[in-house]
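Quick notes on the structure that follows.
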Amino acid sequence: MAQSDSQIYCFFQGEFVPLEEAKVGVMTHALNYGTGVFEGIRGYWNQEAQELFIFRLRDHYLRFLKNTAMMFITVPRTADELVDLTLELLRRDAFTTDTYIRPLAYKSSEQIGVSMEGVRDAFTLFAVPYGDYVPMDRPLTLGVSSWLRSDDNSIPGRAKVTGNYVNTALAKNEAVRNGYDEAVVLNRNGYVVEGSAENIFLVRDGVLITPSVADGILEGITRDTIIRLAQEELRIPTVERNVARTELYYSDEVFLTGTGAQVATVGSVDGRIVGDGKAGPITSSLQSLYFDIVKGRNPKYMDWLTPVGAGRGIRAAPAPIS
Ligand SMILES: Cc1ncc(COP(=O)(O)O)c(C=O)c1O
């Protein structure tokens, strides 16, 4: 049911409740031990079409279900059922602005002890109006973090587990305290992994390069999108390989990709200007392709979008969070 008020809903304990009523107890396993798995999904409001388009919604849920299985968290729904549930939530929320969607599955029993055996699972889902995650009106400044990415055999970064984000939080916080917009995280072998919540791409002599999936990255859906667009639209293949820290300084272009950061130009790394400090030609081409597609302006890629569709109530757009 569409609402005309400003109520934001949350799917919690099997029903839609006002977001402020969705609360967990302090003894919850996931709160104490980081045993949750989440997704970050974006919806883009298209004013002309009066439609909210969700980008690669089903792909996010396919990744989510792999990640929950990795953590022995049972979500008793298929990807298609999760898509339907998300659309139902968004029809209730009736946002007419860009939106961020957060599914979260977690170990929910309230008990002491880290074992996950016999611990109950829960699933929750909410969405909020959302603007830019990183500044988009200027190139970003990056600093290489002193915090190394946890090894795949310690805490697998690919799994999008809540506990992993301690590593991310330390890296991002250090970068911000040092005056940078974002962190670049290295792995134990000294190779570049990614940003705190973004994958990273370099352009050197017209070649697109990104760290490989064996380097400890999160296998980003935006990363996959960019690799496909570069190949399909620009005829530029992407080389997936180890990337040394100093290669960032020597690159012609560097950019970050992620649901939050979208496709963000990097202007400098550790105070060294990348290229001429502005978005280079390949970054710019990929940015315009990406934003046209996610906003529903490129008919060729409409399969990547799920329209929220009928049932929407009209509601004034809240100010995006920046
Ligand atoms: C650590 C990390 N790397 C990369 C990404 C980018 O992934 P995606 O493009 O699927 O949002 C994210 C964002 O979710 C992330 O948290």
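Both counts, for ligands and for their atoms, begin at 1 and track the order of listing. We use all heavy atoms of the structure for the numbers below, so side chains are in, but hydrogens, waters and symmetry mates are not. Predicted, not measured: the structure shown is a model, and the values here were computed from it.
In summary, D252 and R204 do not engage in a salt bridge, as defined by a charged side-chain N under 4.0 Å from a carboxylate O. Between E219 and R63 there is no salt bridge, since no side-chain N of the basic residue sits under 4.0 Å from a carboxylate O of the acidic one. Using a cut-off of 4.0 Å between Lys/Arg side-chain N and Asp/Glu carboxylate O, R223 and E194 are scored as not salt-bridged.
Atoms of ligand 1 found under 4.0 Å from any heavy atom of L218 (numbered from 1 in listed order, with element): 2 (C), 3 (N), 4 (C), 5 (C), 7 (O), 12 (C). In the vicinity of R63, heavy-atom distances shorter than 4.0 Å reach the ligand 1 atoms 10 (O).
Protein heavy atom nearest atom 16 (O) of ligand 1, with residue, atom name and distance: Y165 OH, 2.5 Å. Looking only at protein heavy atoms, the nearest one to atom 11 (O) of ligand 1 is T259 OG1, 2.6 Å. Atom 3 (N) of ligand 1 has as its closest protein heavy atom E194 OE1, 2.9 Å.
Looking at ligand 1, you won't find any N or O of T168 less than 3.5 Å from one of its N or O atoms. Considering backbone and side-chain atoms together, I221 places an N or O closer than 3.5 Å to an N or O of ligand 1. Between R149 and ligand 1, not a single N/O pair is under 3.5 Å apart. Checked by distance only, ligand 1 and T222 come closer than 3.5 Å through their nitrogen or oxygen atoms. For ligand 1, the polar-atom distance check finds no N/O of R223 at less than 3.5 Å from any of the ligand's N/O atoms.
At least one heavy atom of K160 sits less than 4.0 Å from an atom of ligand 1. Contact annotation: S196 has at least one heavy atom less than 4.0 Å from an atom of ligand 1.
Partner of T265 under the side chain to side chain contact (heavy atoms under 4.5 Å, CB included) criterion, chosen from M136, R138, K278, Q287: Q287.
For atom 13 (C) of ligand 1, the nearest non-hydrogen atom from the set A197, G220, G258 belongs to A197.
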Worked verdict on F64 versus V37 for side-chain contact (heavy atoms from CB on, under 4.5 Å):
CA-CA 7 Å; F64 180 67; V37 166; 3.9 Å; yes

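The aromatic rings of F123 and F11 are tilted relative to each other, their planes meeting at an angle between 30° and 60°.
With a 4.0 Å cut-off on non-hydrogen atoms, E219 does not touch ligand 1 at all.
The closest side-chain donor-acceptor pair between Q262 and T222, if any, does not fall under 3.5 angstrom.
Two rings, from Y100 and Y133, have their centers 6.0 Å or more apart.
D121 places a side-chain N or O within donor-acceptor distance of the main-chain N or O of T74, the cut-off being under 3.5 Å.
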